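Note that the coordinates shown come from a computational prediction; the quantities given were computed from them, not determined experimentally.
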Amino acid sequence: MNARMLIENFQEFAKSRNIDRPTMMSILDDVFRTMIRKKFEDDSNFDVIVNPDNGDLEIWRNREIVDDDSEDIWDLDKIPLAEAQKIEPDFEIGESVAEPIKIEDFGRRAVLLARQTLIQRVKDMERDNLYQKYKDLVGEIITGEVYQVWSREALILDKDENELVLPKSEQIPKDRYRKGDTVRAVVHRVDVVNGTPKVILSRAAPAFLERLFEQEVPEIFDGLITIKNVVREPGERAKVAVESYDERIDPVGACVGMKGSRIHPVVRELMNENIDIINYTDNLELFISRALSPAKVGSMKISEQTGRVSVFMKPDQVSLAIGRGGANIKLASRLVGMEIDVFREATDYEEDIALDEFTDEIEAWVITELKKIGLDTGRAVLAVKKDDIVRRTELEEETVDDVYRVIRQEFADDDDLPTDEAAPAASADPESAPAAQ
């Protein structure tokens, strides 16, 4: 492979990767100087002239002529007079000799290595540019085109045809993609795998919902309204706490827009995700009440030391507070940063029995476990579903069944006995799986 073919091949490859001319020239110069250093040890007295337009390459070795008996004849930038006169008979001591070096003089192996090095340098530059570009775009929305869909992820191409990854776990469950579809997602993170950056996109992250609101609500973009927190069950439900820095602006109304004009595009993008907009307040009790919307709270007990909140409400409000699959109470807990326990108000109940009265039939350690989660009476235990008790205590399902059996026997003649349908209560741990109803 001669110099012209080498440069033309590299030029074509560089153009296909959108490498600009100055960068291409810099890479060529650096690679050829590396070849020179390997053969001649030093490149300081060499000139490299590359013209990628016509594939020309000129390498000139510059040396100073010294006397044949001089001690400097072994210096890399010196040449004995006798050797210089073989190039040009008129040369004299003290003059400079510019000797052309052909690329073929480096040998076929060196030329092939140079070609591989040129291609590798471009790929390294592409990887570095991709990392630097998307490292600064983490948390921002980008638009891409679906190139390929697999079972665990989708490959997305951006406008520069960089390959981005949208994992199944970061998609909205209702998302269905085909090749050529346009996708909007937020840059979730940039991983480096074996030296290669891997850009991970997300449509399930709270940041995606936050960026969508910034695009649709000018007041958020301008900083007049701030989003304090966002929690989501992707594709199902989300809660967004907003606060206005201008008393004249209603943050909830501004986010919803006239007849829902602002929130509807966000809902459509999120595959009809149910979004609750909540007015943020420093009043924790009021904030918790708003977070449990649409349920209406009767009263509550807040323990900041344990990070738990006991909320009491009318029986017809409990199912609203819990939500389908426990989504509402779980999101509310994550939004306020505390675990919320929901209980029915017991004002309509008649006689109740303390758990300590069951010590003959229920082991003491079981009673202790129930008391740890605030269940200290028989009716209180029956008001909570088995799955929730198992999740919140160290008790197994069989043990809870035995507890239910013993307590129900005591209340067997009571028409007001709570049933699973009439009296479920629930809690939600911000770090746990979906709360039981």
Side chain of Arg176, backbone of Pro173: donor and acceptor closer than 3.5 Å? yes
Does NZ belonging to Lys135 count more than 12 external heavy atoms closer than 6.0 Å? yes
Would you please name every residue forming a side-chain hydrogen bond (donor to acceptor under 3.5 Å, both in side chains) with Glu58, sequence neighbours left out? Trp60
Between Leu209 and Ala238, which heavy-atom pair has the shortest distance, and what is it? CD2-CB, 3.7 Å
Can you tell whether the side chains of Glu361 and Arg405 come within less than 4.0 Å, N to carboxylate O? no
Ala204 and Ser169 have their tightest heavy-atom pair at CB-O, 4.3 Å
Short question: side chain of Ser333, backbone of Ile329 - any donor-acceptor pair under 3.5 Å? yes
For the pair Asp29 (side chain) and Met25 (backbone), establish whether a donor and an acceptor sit closer than 3.5 Å, ignoring hydrogens and angles. no
Tell me whether Glu219 contacts the main-chain N or O of Ile225 through its side chain, where contact means a donor paired with an acceptor under 3.5 Å. no
Has Glu163 got a side-chain atom pairing as donor or acceptor with Leu155's backbone, closer than 3.5 angstrom? no
Give, for atom CD1 of Ile263 and atom CD1 of Ile275, the distance between the pair rounded to the nearest 0.5 Å. 5.0 Å
How far does CG of Leu76 sit from CG of Asn45, to the nearest 0.5 angstrom? 7.0 Å
Would you say Asn274's side chain and Glu236's backbone share a donor-acceptor pair under 3.5 angstrom? no
Just verifying a value: how many Å separate Asn272 CG and Lys174 NZ, rounded to the nearest 0.5 Å? 5.5 Å
Assess whether side chain to side chain contact (heavy atoms under 4.5 Å, CB included) is satisfied between Val149 and Arg178, documenting all intermediate values. CA-CA 7 Å; Val149 180; Arg178 292 181 298 179; 6.0 Å; no
Looking only at non-hydrogen atoms, find the nearest pair between Leu201 and Pro167 and report the distance. O-CD, 3.5 Å
Qualifying side-chain hydrogen bond (donor to acceptor under 3.5 Å, both in side chains) pairs, either residue in residues 184-193, two or more places apart: Arg184-Gln215, Arg184-Glu269, Arg189-Asp191
Apply side chain to side chain contact (heavy atoms under 4.5 Å, CB included) to residues Val381 and Ile389 and explain how you reach the verdict. CA-CA 9 Å; Val381 173; Ile389 293 179; 4.2 Å; yes
Could you tell me whether the side chain of Met338 reaches within less than 4.5 Å of the side chain of Leu284, counting heavy atoms only? yes
Report yes if some heavy atom in the side chain of Asp282 is under 4.5 Å from a heavy atom in the side chain of Phe287; otherwise report no. no
With side chains defined as the heavy atoms from C-beta onward, is the minimum distance between Ser289 and Met300 less than 4.5 Å? yes
Near Glu394 CD, under 6.0 Å, is it more than 12 heavy atoms from other residues, nucleotides or ligands? no
Got a second to check how far Phe343's CZ is from Ser310's OG, nearest 0.5 Å? 4.5 Å
Any salt bridge between Lys371 and Asp356, counting N to O under 4.0 Å? yes
Check whether the side chains of Thr34 and Arg37 place a donor and an acceptor atom closer than 3.5 Å, and report yes or no. yes
Please give me the minimum heavy-atom distance between Arg262 and Ala254, naming the atom from each residue. NH1-O, 2.8 Å
For the pair Lys239 (side chain) and Arg334 (backbone), establish whether a donor and an acceptor sit closer than 3.5 Å, ignoring hydrogens and angles. no
All side-chain hydrogen bond (donor to acceptor under 3.5 Å, both in side chains) counterparts of Asp124, not counting sequence neighbours: Gln120, Arg127
Tyr134 (side chain) donor-acceptor with Leu164 (main chain) under 3.5 angstrom: no
Is there a side-chain contact between Asp30 and Arg121 in this structure, where contact means two heavy atoms from C-beta onward sitting under 4.5 Å apart? yes
Can a donor-acceptor pair be found, under 3.5 Å and without considering hydrogens, that links the side chain of Asp158 to the backbone of Gly144? no
Inter-residue atom distance Arg203.CZ - Gln171.CD, 0.5 Å rounding: 8.5 Å
Search all heavy atoms of Ile278 against all heavy atoms of Val252 and return the closest pair with its distance. C-CG2, 4.2 Å
If we only count heavy atoms from C-beta on, is the Arg61 to Ile59 side-chain gap below 4.5 Å? no
Testing the basics here: between Ile220 and Cys255, what is the closest heavy-atom pair and its distance to 0.1 Å? CD1-SG, 3.9 Å
Counting heavy atoms not belonging to Lys198, are there more than 12 under 6.0 Å from its NZ? no
Any salt bridge linking Arg211 with Glu214? Criterion: basic side-chain nitrogen under 4.0 Å from a carboxylate oxygen. yes
With a 6.0 Å cut-off (strictly less than), is the heavy-atom count around CD of Glu161, excluding the residue itself, greater than 12? no
I'd like to check Arg232 versus Ile172 (side-chain heavy atoms, cut-off strictly below 4.5 Å). Are they in contact? yes
What is the ring orientation for Phe40 with Phe46, classed by angle as parallel under 30°, tilted 30 to 60°, or perpendicular over 60°? tilted
Within the distance-only criterion (no hydrogens, no angle test), does the side chain of Arg290 pair as donor or acceptor with the backbone N or O of Asn279 below 3.5 angstrom? yes
If you count every heavy atom of other residues, nucleotides or ligands that lies below 6.0 Å from Lys102 atom NZ, does the total exceed 12? no
Got Leu118 and Val122 here, is their nearest side-chain heavy-atom distance under 4.5 Å? no
Candidate pair Asn283 and Thr281, rule side chain to side chain donor-acceptor pair (under 3.5 Å), full reasoning: CA-CA 5 Å; Asn283 185 325; Thr281 175; 5.5 Å; no
Quick one: pull up CD1 in Ile156 and CG in Asp181 and give me the separation to the nearest 0.5 Å. 9.0 Å
Any side-chain heavy-atom pair from Ile227 and Tyr280 closer than 4.5 angstrom? no
Is Asp246 salt-bridged to Arg248, going by a charged N under 4.0 Å from an acidic O? yes
Should we count OH of Tyr147 as having more than 12 external heavy atoms under 6.0 Å? no
